[in-house]
Structure formats: C-alpha cells, structure tokens
Amino acid sequence: MSHSTAPLTIRMHATDNVAIVANDGGLPAGTRLADGLVLRDKVPQGHKVALRDLAAGEAVVRYNVPVGYARQAIPAGSWVHERLLDIPAARALQGLPMATRPAPAWEPLAGLTFEGYVNVDGSVGTRNLLAITTTVQCVAGVVGVATQRIRDELLPLYPNVDGVVALEHTYGCGVAIDAPGAEIPIRTLRHISLNPNFGGEVLVVSLGCEKLQPERLLPPGSIPVRDGRDAGPDVVCLQHEAHVGFMSMIDDIVARARPHLERLNARKRQTVPASALVVGVQCGGSDAFSGVTANPAVGYMADLLVRAGATVMFSENTEVRDAVEQLTARAASPQVAEDIVRELAWYDAYLDRGRVDRIANTTPGNKAGGLSNIAEKAMGSIIKSGTAAIGSVLAPGDKLRPDQKGLVFAATPASDFICGTLQLAAGMNLHVFTTGRGTPYGLAACPVVKVATRTDLARRWHDLMDMNAGRIADGEITIEEAGWELLHLLLDVASGRRTWAEHWKLQNALVLFNPAPVT
Ligand code: CA
C-alpha cells in the first residue's frame with residue numbers, strides 16, 4: 001500500500017522481469033522487498049526495479065512485451081531507468097495478424113440509461129449548448145465580445161441552455177486550402193459544428209474575404225434538415241455592407257443568436273439508453289501508474305459501455321503504434337485491420353516528413369514518472385481500449401455514422417488538444433481523460449471526466465480530479481470496481497452532473513490538425 005511504509009512493487013505479468021515501485025516517494029537503496037530482493041539503488045515511485053539479473057542486450061519485459069533492451073548488464077535490485085534501455089524497433093506494418101482474435105460477442109448489458117437531449121438526427125447531447133461556428137481566426141475577437149454579451153444578457157432568459165461556445169481556431173485563411181491534407185481541418189470544423197451537444201443549431205460568423213467560405217465549410221446537405229427544409233447555415237458576415245461600426249456587428253450576432261437559443265431552451269432532458277453515449281477516451285501527463293490503475297479501469301468501463309451498445313473511441317496514433325500487432329489482431333474483420341494499418345502508415349509517413357518517428361512522443365514528465373520510452377507508454381495507453389473487438393476506424397476529422405457503435409479506433413495525434421478536438425468532430429458527447437502527472441484539461445463543448453492514476457495526485461488536486469483510480473494501487477478497490485464506479489459517474493455526468501473542469505470553467509482551445517502547408 002502506498003500509504004503504509006511496507007514496500008510495494010507492482011508486476012503486470014508473470015513473465016515480466018521488472019516491477020514498478022508503488023510507494024509514495026519511492027524506496028531507498030537497501031530496502032528488502034516482500035520476496036527478499038534487496039534494492040541496490042534508490043528507486044523513485046513508478047520506476048522499474050530489475051527482479052533478476054539482466055544480461056547486456058537482454059529484453060526488459062513489462063506487460064509481457066519487451067519495452068526495451070539492456071544497454072549493459074543490470075544486476076537484480078537495480079533501478080532500471082531510461083538511460084539503461086535501447087528502445088525496440090517499431091513493428092513493420094507488413095505481415096501483421098489481421099483479425100485473428102477479435103473478442104467473441106458478449107452478453108448485452110441492459111437497463112443502463114441517462115438523461116440526455118435528443119437531437120433531430122437521432123444523436124443525443126449531454127449538454128445543451130449554443131455554438132457559434134467561425135470560418136476564420138480574423139473574427140475571433142468580435143465573436144468573443146458577442147459571446148460575452150450573449151452570456152450576460154440572453155442566457156438568463158433561457159435557463160435550459162447550458163452555455164454559449166465560440167468555436168474559435170487558427171484556420172480559415174493564410175493556408176493552402178486545396179493542398180493534400182487540407183480536407184482534414186475543414187471537415188473537422190464542419191463536424192464539430194454538428195456535435196450532438198449543440199442541438200443541431202448552426203450559427204456561423206464569417207469575415208467575408210477568407211479562403212474557407214461558409215458554403216465550403218458547410219455545403220448544402222451537411223446540416224440536419226428541420227421542419228422539412230434545408231435552409232443552410234445561418235451566417236453573419238462581418239464585411240457585409242449593412243454593418244456600420246463595430247456595435248452593428250455585435251448587435252447582429254446577438255440578435256441572430258436569439259431564435260437558436262429559443263429552440264435550444266425549449267428542449268428538456270429525457271431518459272435515453274446508455275447506447276446513446278459516444279465516449280472519447282484519452283490520456284495525458286501519463287506516468288507508470290497510468291497503465292496500472294486508471295487506464296485498466298477505463299478499459300473495463302469501455303467493455304461495459306460496448307456491452308451496453310454505446311460507442312467508445314480510442315485514439316492517439318503514436319501511443320498505439322508500438323501495439324499495432326495487438327490492435328490488428330483485435331479487429332472485427334480483415335477490412336478493419338487494413339483500415340488500422342492504413343491510418344498508422346499514413347501517420348508514419350507524416351512523421352517521416354518531419355524527420356521524426358513515434359519516439360518523439362514521450363515528455364520529460366513521462367520519464368520522470370517512470371515511463372522509459374514510447375514502447376512502454378504505448379502498452380499502458382492501449383489498455384484504455386479494453387478488450388472488445390475493434391469494430392471500425394475513423395480517419396482524422398471524420399464523423400461517426402449512426403451505425404458505428406461499439407469500439408472505434410479514431411486515428412488522431414496524441415496531442416491532448418488535437419485529439420480532443422478530433423474526437424469532438426467524430427461526435428463525442430462525453431470525454432474520459434486519465435492523468436498521472438496531472439493536467440487541468442477541460443473542453444467548452446463537452447464534459448471531461450478526469451481520472452487520477454495515483455492517490456497522491458488525487459489528494460493534492462482534490463478539486464480537479466473527478467475520480468481517484470490510485471485506490472487500485474493502494475489495494476482499496478479492484479480494477480472491476482473502479483470500472484463500474486467510473487461507468488456510473490459517466491452516466492451521472494451525462495445526465496447533467498458537473499465535472500470539476502466545468503465547475504471551474506477550465507476550457508482548453510480547439511486545436512485543429514492541419515498537415516497541409518500554410519502560405
Ligand atoms: Ca493525449
């Protein structure tokens with residue numbers, strides 16, 4: 001237990017030749033472990049200790065896979081830090097096991113519900129928000145002023161509306177808008193404006209001269225039809241000749257917001273099955289406990305949600321790349337396995353253009369937290385996806401079809417903000433985020449449930465973390481109990497309970513993934 005003075009190490013698999021130290025503050029040299037092994041070095045919390053003598057060149061095994069190769073002989077009881085390890089080569093994307101062991105069909109999990117907002121296209125919101133879509137960064141300041149006025153003057157009149165969100169971004173002009181890859185930021189913006197938490201109301205503010213014209217952002221047919229007519233997006237153009245002076249722009253945006261707010265305000269939460277949930281899972285500020293506590297709890301919850309008929313998305317290309325073999329084997333069909341390979345091959349080529357590879361992923365904080373390299377980080381990261389068959393794959397910026405239920409690999413960068421932005425575009429209505437080092441991450445468009453990997457973090461960040469999975473390492477609850485607890489927390493949050501990030505109004509920026517050039 002990390003609270004007691006008894007030394008505690010955690011080994012993930014019987015074949016592992018290293019374990020991690022669980023105790024707060026680590027363990028000093030000379031500590032005798034339960035099995036009699038004596039530490040030769042001080043080993044920090046979350047870091048690895050050699051359980052037996054390792055020869056130079058021998059595989060260091062954690063999660064039953066090599067997470068590195070010893071650069072020199074490492075005696076039993078030594079601290080196995082990153083400088084002692086060479087990283088394994090990335091698995092080639094040829095000759096992979098394709099859909100060789102998808103999970104069998106499971107017993108459905110019936111009876112789980114939440115209180116949500118049903119949209120005309122059949123999707124369900126967990127929040128009732130007015131979004132103001134923008135075509136270009138130039139309008140961001142004006143939209144910011146208008147949004148504040150809507151908040152101050154209009155929201156008190158529409159108490160069923162949870163808030164107003166300005167969809168600001170850096171795209172729209174000064175970009176090579178016809179270059180290969182430009183379709184990604186464009187479709188991302190289009191699909192975010194249609195996120196289930198915005199109720200199908202689309203209000204656009206455009207400058208007028210930008211490359212990303214409103215009809216390119218939202219072509220005919222992209223907005224769900226209301227009352228039998230496709231009126232297209234409601235657009236306020238700042239350069240329109242009717243605008244004389246700054247206040248006329250603000251007045252126009254505020255006036256145009258009214259009918260949208262009226263329709264949103266008329267909506268009521270209603271009981272819907274948990275299958276309406278579209279949960280994006282992500283991690284950030286990871287440490288060696290991420291793959292031991294929080295991510296396994298999220299994985300167990302993901303399996304429960306899949307059994308309940310919901311959609312669970314996992315992402316983060318560079319954090320799954322080293323586990324590609326496990327993912328293609330788990331694909332529901334050879335076609336899905338090929339889709340996984342296609343997306344990861346595209347991302348390999350993208351990284352290669354910048355003369356890096358997936359090794360560029362890890363941070364100083366990851367390493368301080370005990371994660372030696374991306375191979376070790378990936379093994380802990382993919383546990384979030386649970387054990388279900390991978391039913392489909394989304395390219396960056398793509399939107400889920402209504403029939404894409406179950407476990408989905410949404411191929412995105414691992415950057416917290418870019419991944420969250422792309423999961424919003426996919427149609428995420430609830431976000432689960434695990435962290436070991438700690439991050440105050442939050443989004444304006446969607447509730448973010450944050451899960452701490454360690455009790456020490458949960459204690460210090462008691463009003464930022466929504467759940468403490470560190471209790472698993474402390475021996476207080478099992479992974480299964482934590483998974484159920486998280487599932488019930490998600491249903492509560494989906495029904496309107498506020499997360500800490502919502503309480504403090506912590507909202508990170510939308511960050512678009514633009515692999516195309518700027519001009
Ligand atoms: Ca991340």
Side-chain angles (χ1 to χ4, degrees), residues 184 188 279-299 301-302 312-324 327 343-344 347 350-351 356-371 373-386 394 396-397 407-426 428 430-443 445-454 457 461 464-467 469 499 501 506-513 515:
I184 292 177
T188 302
V279 177
V281 301
Q282 211 201 144
C283 52
S286 298
D287 67 3
F289 283 95
S290 297
V292 176
T293 60
N295 291 353
V298 169
M301 173 219 72
V312 178
M313 283 184 283
F314 73 105
S315 299
E316 305 175 292
N317 291 337
T318 50
E319 291 175 18
V320 305
R321 180 63 180 82
D322 283 270
V324 60
L327 298 187
E343 287 303 322
L344 293 180
Y347 209 78
Y350 163 76
L351 292 176
V356 295
D357 63 17
R358 88 278 187 224
I359 293 171
N361 171 296
T362 41
T363 66
N366 292 153
K367 291 178 180 180
L371 293 173
N373 57 40
I374 187 61
E376 184 177 12
K377 186 175 174 180
M379 295 310 143
S381 180
I382 60 153
I383 296 178
K384 297 196 299 298
S385 68
L394 279 188
L407 184 63
V408 177
F409 174 53
T412 80
S415 156
D416 297 351
F417 321 101
I418 296 178
C419 174
T421 298
L422 290 168
Q423 288 184 338
L424 282 175
M428 168 171 72
L430 199 56
H431 203 8
V432 175
F433 196 101
T434 68
T435 184
R437 307 294 297 173
T439 169
Y441 177 81
L443 294 174
C446 173
V448 179
V449 173
K450 288 205 294 297
V451 183
T453 73
R454 293 177 300 124
L457 174 67
W461 287 32
L464 288 163
M465 294 293 132
D466 299 291
M467 182 173 157
T499 64
L506 305 181
Q507 300 174 348
N508 285 109
L510 294 177
V511 183
L512 293 173
F513 178 41

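The structure presented is a predicted model; accordingly, all values stated were derived computationally and were not measured. Here, residue 1 is the first one in the sequence, and each next residue gets the next number. Just follow the structure's listing: the first ligand is 1, and inside any ligand the first atom is 1. These values consider heavy atoms only, across backbone and side chains, with no hydrogens, waters or symmetry-generated copies.
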Any idea which N/O/S atom from Glu316 gets closest to the Ca ion (ligand 1)? OE2
Angle class for the Phe513/Tyr350 ring planes (parallel below 30°, perpendicular above 60°, tilted otherwise)? perpendicular
Got a donor-acceptor contact below 3.5 angstrom from the Thr453 side chain to the Thr293 backbone? no
CG of Asp287 to OG1 of Thr435: how many Å apart, nearest 0.5 Å? 7.5 Å
Counting backbone and side chain alike, does Gly284 bring an N/O/S atom below 3.0 Å of the Ca ion (ligand 1)? no
Where the Ca ion (ligand 1) is the corner point, what angle links O of Cys283 with OD1 of Asp416, to 10°? 90°
Got a sec: is Gln282 within less than 3.0 Å of the Ca ion (ligand 1) via an N/O/S atom? yes
Leu344 backbone acceptor or donor facing Asn317 side chain under 3.5 Å: no
